[in-house]
Structures are given as C-alpha cells and as structure tokens.
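Please read these numbers as outputs of a predicted model, since none were measured by experiment.
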Amino acid sequence: MTTPDVTVVVAVYNTMPYLTECLNSLVGQSIGLDRLQVIAVDDGSTDESGKELDRFAQRYPDTFTVVHQSNSGGPAVPSNRALDLATGRFVYFVGSDDHLGEEALERMVACADANESDVVIGKMVGTNGRYVHQKLYTGNIPDVSLYESQLPYTLANTKLFRRAMVEKHGLRFPEDLPVGSDQPFTIEACVRARKISVLSDYTYYYAVKRGDASNITYRADHLARLRCTSMIMEHTAALIPAGPQRDAVLKRHFDWELSKLLQKDFLALDSATRRLVCEGVGVLVEAYFTDALRDGTGVKRRVRFGLAERGAVEELGRAIADEAEHGAPPFHLEGGRAFAGYPGFRDAAVGLDDRYYEVLGETVAGRLSSGTRMEAADWEQSGTDLSLTVTLRLGITGDTSSATVALARSAMPQSADKAGARKLTAASRPAAEGDVTARPAGPGGGTLLTARVPVQAVRAKRGVRVYVDVAGSTYEIPVRTEGRPMPLARRWGGTAPYRVAASSNAKGRLVITTAPLREPKSGVGARLRRKLSRSKRK
C-alpha cells in the first residue's frame with residue numbers, strides 16, 4: 001500500500017451537525033483521496049457523531065479509519081491514539097467542528113517538501129464570531145522563528161507536522177490537561193523543528209464557534225484553566241532556558257491565559273476561589289515574570305499580576321471592579337514620570353514596587369482621551385473681549401502644571417482619531433490661550449481644569465484641546481462634551497459683528513465656531529439686532 005502524504009487526525013465528541021461539514025471538507029481536498037489518510041476517534045459521543053463517522057468510513061473505506069472509545073474527557077487521548085495509527089509522511093490535526101479550504105492540504109504538503117519544513121502553518125480564520133489571532137499571517141514566510149514572531153500567539157495544533165520529527169522526539173499530547181493540551185505538543189514541535197513555514201496566501205482553516213458556545217475552551221472554570229496554564233508554562237520552561245527566548249513564548253501566557261483569569265468574571269468567584277486563583281497566578285508571576293516581561297506588559301495587566309503575587313485579593317478585586325465601572329484610573333504625574341492610580345499604589349501594606357504602576361512607554365492616548373471631558377461651559381465678557389470659560393475633568397493627578405488649553409491649529413489626523421488623542425513634538429504644542437487653574441476633582445478622581453479660551457473674531461471652526469505632558473511626551477486631547485448643556489450662541493462685535501457658538505461636533509467634541517454677520521438693512525432681523533444691542537448695553 002502506498003504511504004499517504006498526510007494523515008488527518010480528527011478527535012470527535014458530540015460535534016454534530018458541524019462534523020458533517022468537517023468531513024466533507026476532507027474528502028473534497030484537492031490533494032486527492034489516494035494521498036490522504038483520515039483517522040477519526042469517536043471519544044464516546046452521545047449524539048449522532050459516531051454514526052456519521054461510520055457513514056463516511058463505509059463510503060470511503062480506503063481513506064477513513066474510525067475508532068470508537070469511551071469518553072476520556074478531552075481531545076488528548078483520542079489524538080494520541082490516532083497518532084499511534086498514523087502512516088502519513090505528515091500529520092495534520094483538525095477540530096471536528098471546523099473545516100478546511102479545498103486546497104489546504106495540497107498547498108501545505110507542497111510547501112513542506114519545497115522548503116524541507118518540519119512544521120507548516122496555514123492561515124486560519126474564525127467564523128461565527130470565533131476569534132483567531134491574525135498577526136502571524138503577514139505573508140508567505142519560508143522560515144519563521146518561534147522567538148521573533150507572533151507564532152507564540154498561534155499555538156493551536158491545527159498545523160502540518162512532519163511525522164518523522166513527531167516520532168523522533170516522541171511528541172504526544174499530555175492526557176491530564178482538559179484545556180490547552182495542544183499547546184505543549186505545538187511548542188515542543190516548534191522548538192525541535194529544523195524549519196517552520198507560514199502560508200498566508202489562502203484560507204487554509206476555518207475555526208468555528210458553535211452556536212451554543214460549547215467548545216471546550218469556553219467551558220472550563222478558573223481553577224481548571226489556571227492548572228492547565230501552569231502545566232503548559234512549566235513544560236515550556238523545561239524546553240527553553242531562562243532568557244529572552246523563553247520570555248518570548250511565555251509572554252503569550254501572561255498576555256492571554258493568565259490575564260483572562262483576572263478579568264470581570266473574577267469578581268463573581270467566591271472568596272476562597274479568588275484567593276486560590278491569586279495564589280496560583282502569584283506562583284507563576286514569581287517564577288517567570290521577569291523584569292523584561294514586566295516592563296513590556298501594559299500597566300493594567302502588570303498591576304493585576306503584581307497584586308495577585310502579593311496576595312492582595314481585596315485590592316485586586318477593587319482594581320477590576322473600579323475599572324469596569326469607571327474606566328481606567330487617573331494617571332499620577334510626578335517628576336516627569338506617570339503612574340496609574342490603581343488600588344495598592346504606594347500602600348505599605350501591599351508593598352508593590354512603583355515600577356508595576358508606572359507608565360513605561362506604552363500607549364496612553366486612549367486613556368487620556370477617555371478621562372478628559374467637559375463639565376461646564378459659559379461665555380465670559382471683559383470689556384471688548386469675549387472668552388469661553390470651560391471646566392474640564394482630566395484623568396490626571398499630581399503635577400498638573402503642564403496642562404494647558406488652546407484652540408487646535410488643525411484637524412486631528414485620521415491616524416490619531418481612533419485613540420482620540422495624539423502624541424506631539426514639543427515644537428508643535430501651541431501656547432496656552434488665557435488663564436488656566438487646576439484643583440482636585442473630588443469624587444471620581446482626576447483634576448478639574450478651568451480655562452478661559454479667547455474667541456477670535458474670524459471666520460473659523462476650531463476644536464478646544466487640552467495639552468499635557470505625560471511620561472516625557474506631550475499629548476493633544478480633544479474635549480468630549482458628553483451631552484453637557486452648551487451656552488447659547490452670541491452676536492458679538494460692533495462695526496464688524498459676528499456670531500460665536502460653542503457646540504458639539506459629529507464626534508461629540510467641543511468646538512468653537514465664529515462667522516461674520518451681515519447687517520440686514522430693514523425688516524424683522526434689523527429690529528431684532530437693535531433690540532439685542534440695547535439689551536447688551538443695559
């Protein structure tokens with residue numbers, strides 16, 4: 001019998017009706033049935049999955065091998081059993097609720113043969129709302145590094161593996177991991193591989209989120225996910241010596257698996273489970289969260305890891321709850337540095353180093369924008385001068401001496417518009433226009449900034465912006481009005497009158513518009529203007 005080019009492994013447990021589309025995508029592969037072996041292991045399904053596998057095996061007896069066994073609790077046992085039966089030059093794993101593009105296997109095998117690759121990764125997309133990380137798929141890459149790419153964020157086993165490498169190193173799935181059992185296999189395969197290739201020129205794999213969200217990764221509880229993540233990280237640490245390469249892989253587990261344990265649903269856990277989650281995360285932080293990983297992690301996650309490691313369960317819960325209800329806390333500015341004001345900051349009882357709270361070169365524009373809004377606005381007249389007096393809430397505390405308010409010189413570029421704020425060079429920062437005073441905001445935190453913005457008697461539409469220095473950079477922040485009442489438009493000026501208005505633009509930001517007025521020679525308009533003029537003189 002001719003050796004097949006590729007063995008496809010399908011671990012099956014209650015995946016009807018998705019299973020039918022999966023199997024149809026296999027028998028329809030352009031590589032041809034004569035080059036294909038499918039080994040499907042029914043892991044004790046209680047729906048019609050087992051019968052559907054038998055139907056395909058009867059129809060394609062030379063391609064399909066079906067094994068029925070009692071339920072093992074996860075995909076590892078059936079995957080290992082299939083590996084023991086595989087005979088293909090390559091092995092490929094597909095989820096039984098997912099499906100392949102028609103040319104997927106033919107293209108991947110050709111790539112592996114052309115490049116002598118031990119692992120080939122074809123572009124994978126999500127369907128029905130399934131999230132799939134896409135940053136690895138920037139093009140066809142014949143030789144990609146596990147340590148210098150986005151590969152650590154793409155560790156599913158849905159890849160083509162050279163079976164000779166798998167058998168040489170005895171690679172199998174850990175059978176005591178109900179969640180994430182594919183990660184140790186994939187990580188070790190990538191560490192052992194002579195060459196890893198990426199294909200982005202075709203949609204190879206469609207990952208399906210079931211309508212009932214019953215995929216196993218959506219069902220596991222906090223402690224189960226924590227235990228599995230701990231075992232995966234320990235396995236990785238045993239493969240890769242401490243240093244930048246290990247950090248490059250473990251960063252994924254801090255960014256994803258561990259971060260997800262410390263989100264809003266943490267608050268729904270009972271106190272004993274919260275404490276156990278903190279203890280478990282704390283052990284991993286102490287063991288693997290190097291200074292380089294700490295400084296390369298965003299302040300929100302960094303603080304949560306630090307509080308967990310310190311056993312500050314109450315402060316951690318408060319940090320999560322406060323951010324869910326009020327958004328990110330204000331930045332505390334001090335001596336050219338910026339710190340996020342999360343619970344536990346400079347609390348001796350917590351004892352967490354300032355470095356955990358410090359803004360370390362990360363993007364702060366979005367936080368500054370969300371923390372800046374208008375509280376009140378009105379016109380202020382002084383002789384022949386007119387100003388808009390506006391009170392703003394800023395998401396900063398501490399040294400606010402750099403905060404100024406001015407009219408924007410130009411529209412904000414589209415590239416900066418999504419974040420709602422942008423970083424400026426010092427030279428492009430406009431001078432303050434009018435007086436600015438600052439005071440603590442009280443409830444809700446931050447600083448209240450009151451500024452007088454002079455109105456220019458020219459035809460113009462100018463945005464009101466705040467300028468502030470944070471962590472060594474200057475930021476320009478549009479002022480959001482958030483439905484606050486605006487002062488009525490005014491007629492201003494003598495011989496050359498104009499109309500001045502403060503309003504909210506289409507993006508909900510404060511703008512001042514001035515435009516010249518033409519004096520009507522007669523009629524109702526003229527009488528109205530004379531009346532307004534007399535009223536102003538009174």
**Prompt:** With side chains defined as the heavy atoms from C-beta onward, is the minimum distance between V120 and L199 less than 4.5 Å?
**Reply:** yes

So, does S145 use its side chain to make a donor-acceptor pair with the main chain of Y147 at under 3.5 Å?
yes

side-chain contact (heavy atoms from CB on, under 4.5 Å) with T229: of L258, V179, V281, only one passes, and it is L258

Heavy atoms of L226 and G280 approach each other most closely as CD2-CA, 3.7 Å

Q | Y342 and D322: CA distance, side-chain angles, deciding distance, side-chain hydrogen bond (donor to acceptor under 3.5 Å, both in side chains) verdict | A | CA-CA 9 Å; Y342 286 104; D322 288 351; over 6 Å; no

- Message: Within the 4.5 Å heavy-atom criterion, are I320 and Q263 side-chain neighbours or not?
- Response: no

Of T236, D255, I240, the one forming a side-chain contact (heavy atoms from CB on, under 4.5 Å) with L250 is T236

CD (E375) and CG (L394) are apart, to the nearest 0.5 Å, by 10.5 Å

Give a yes or no on whether the backbone of S117 and the side-chain of N115 come within a donor-acceptor separation of less than 3.5 Å.
no

Discussion item. Whether the E188 and H235 side chains hold a donor-acceptor pair (N or O, under 3.5 Å, no angle test) is what I'd like checked.
Written reply: yes

Taking W256 for the side chain and K251 for the main chain, is one N or O donor matched with an acceptor at less than 3.5 Å?
no

So, T389 and E380: side-chain donor and acceptor under 3.5 Å apart, yes or no?
yes

Q. Between S382 and D385, does any side-chain donor sit less than 3.5 Å from a side-chain acceptor?
A. no

| query | More than 12 heavy atoms of other residues, nucleotides or ligands under 6.0 Å from NZ of K300: is that the case? | reply | no

Review point. Would you call D291-R294 a salt bridge at under 4.0 Å N-O?
Key: yes

- Query: Do R465 and R509 come within less than 4.5 Å of each other through their side chains, counting heavy atoms only?
  - Reply: no

Side chains of F345 and V303: closer than 4.5 Å at any heavy-atom pair? no

More than 12 non-hydrogen atoms from neighbouring residues, nucleotides or ligands closer than 6.0 Å to CD on E314, yes or no?
no

dist L293:CG -> F305:CZ (nearest 0.5 Å) comes out at 9.5 Å

With the threshold set at 4.0 Å, does a side-chain nitrogen-carboxylate oxygen contact exist between R429 and E476?
no

Note: M233 and L284 closest approach over all heavy atoms is SD-CD1, 3.9 Å

| request: Let me see the working for W379 and V455 under side-chain contact (heavy atoms from CB on, under 4.5 Å), right down to the final yes or no. | output: CA-CA 10 Å; W379 302 115; V455 175; 3.9 Å; yes

Here the gap from K135 atom NZ to Q150 atom CD, rounded to the nearest 0.5 Å, amounts to 6.0 Å

Fill in: Main-chain N/O of L269 paired to T273 side chain as donor or acceptor, under 3.5 Å
no

Can a donor-acceptor pair be found, under 3.5 Å and without considering hydrogens, that links the side chain of D98 to the backbone of V208? yes

The reported gap from CG in L360 to CZ in F339 (rounded to nearest 0.5 angstrom) is 9.0 Å

Minimal heavy-atom distance between G180 and I232, with the atoms involved, is O-CD1, 3.5 Å

Checklist line | Donor on one side chain, acceptor on other, Y288 and D247, under 3.5 Å | finding: no

Polar side-chain atom of R302 near backbone of R355 as donor-acceptor pair, under 3.5 Å: yes

CZ (R452) and OG1 (T437) are apart, to the nearest 0.5 Å, by 10.0 Å

Is the backbone of N157 close enough, under 3.5 Å, to the side chain of D182 for a donor and an acceptor to pair up by distance?
yes

Donor-acceptor check, side chain of R393 to backbone of G445, threshold 3.5 angstrom: yes or no?
yes

Note: R318 and P343 closest approach over all heavy atoms is NH1-CB, 3.6 Å

Side chain to side chain contact (heavy atoms under 4.5 Å, CB included) filter on S200, not counting sequence neighbours, yields Y137, N140, V198

Requested in this report: Say whether E148 and Q245, considering side chains only, have a donor N or O and an acceptor N or O under 3.5 Å apart.
Outcome: no

Ignoring hydrogens and angles, state whether a donor on the side chain of R480 or S369 is under 3.5 Å from an acceptor on the partner side chain. no

| query | Taking C-beta and beyond as the side chain, do V511 and S503 meet within less than 4.5 Å on heavy atoms? | reply | yes

Ring of Y202, cation from R107 - is the NZ or CZ under 6.0 Å from the centre and inside 45° of the axis? yes

**Study point:** Within-4.5 Å side-chain heavy-atom neighbours: F254 and S259
**Key:** no

### Query
Any sub-3.5 Å donor-acceptor pair from T447's side-chain atoms to I396's backbone N or O?
yes

Those residues at least two apart in sequence (or on a different chain) that pass salt bridge (Lys or Arg N to Asp or Glu O under 4.0 Å) with E323 are R304, R367

Is there a donor-acceptor contact under 3.5 Å from the side chain of S402 to the main chain of V468? no

| query | Is there a side-chain contact between F331 and T397, using heavy atoms and a 4.5 Å cut-off? | reply | no

CD of E315 to CZ of R310, rounded to nearest 0.5 Å, is 12.0 Å

_I'd like to check V119 versus K195 (side-chain heavy atoms, cut-off strictly below 4.5 Å). Are they in contact?_
no

Between D469 and T474, does any side-chain donor sit less than 3.5 Å from a side-chain acceptor? yes

Original post:
What's the verdict on side-chain contact (heavy atoms from CB on, under 4.5 Å) for E279 and R274, showing C-alpha distance, side-chain angles and the deciding distance?
Top reply: CA-CA 9 Å; E279 288 177 0; R274 287 194 204 183; over 6 Å; no

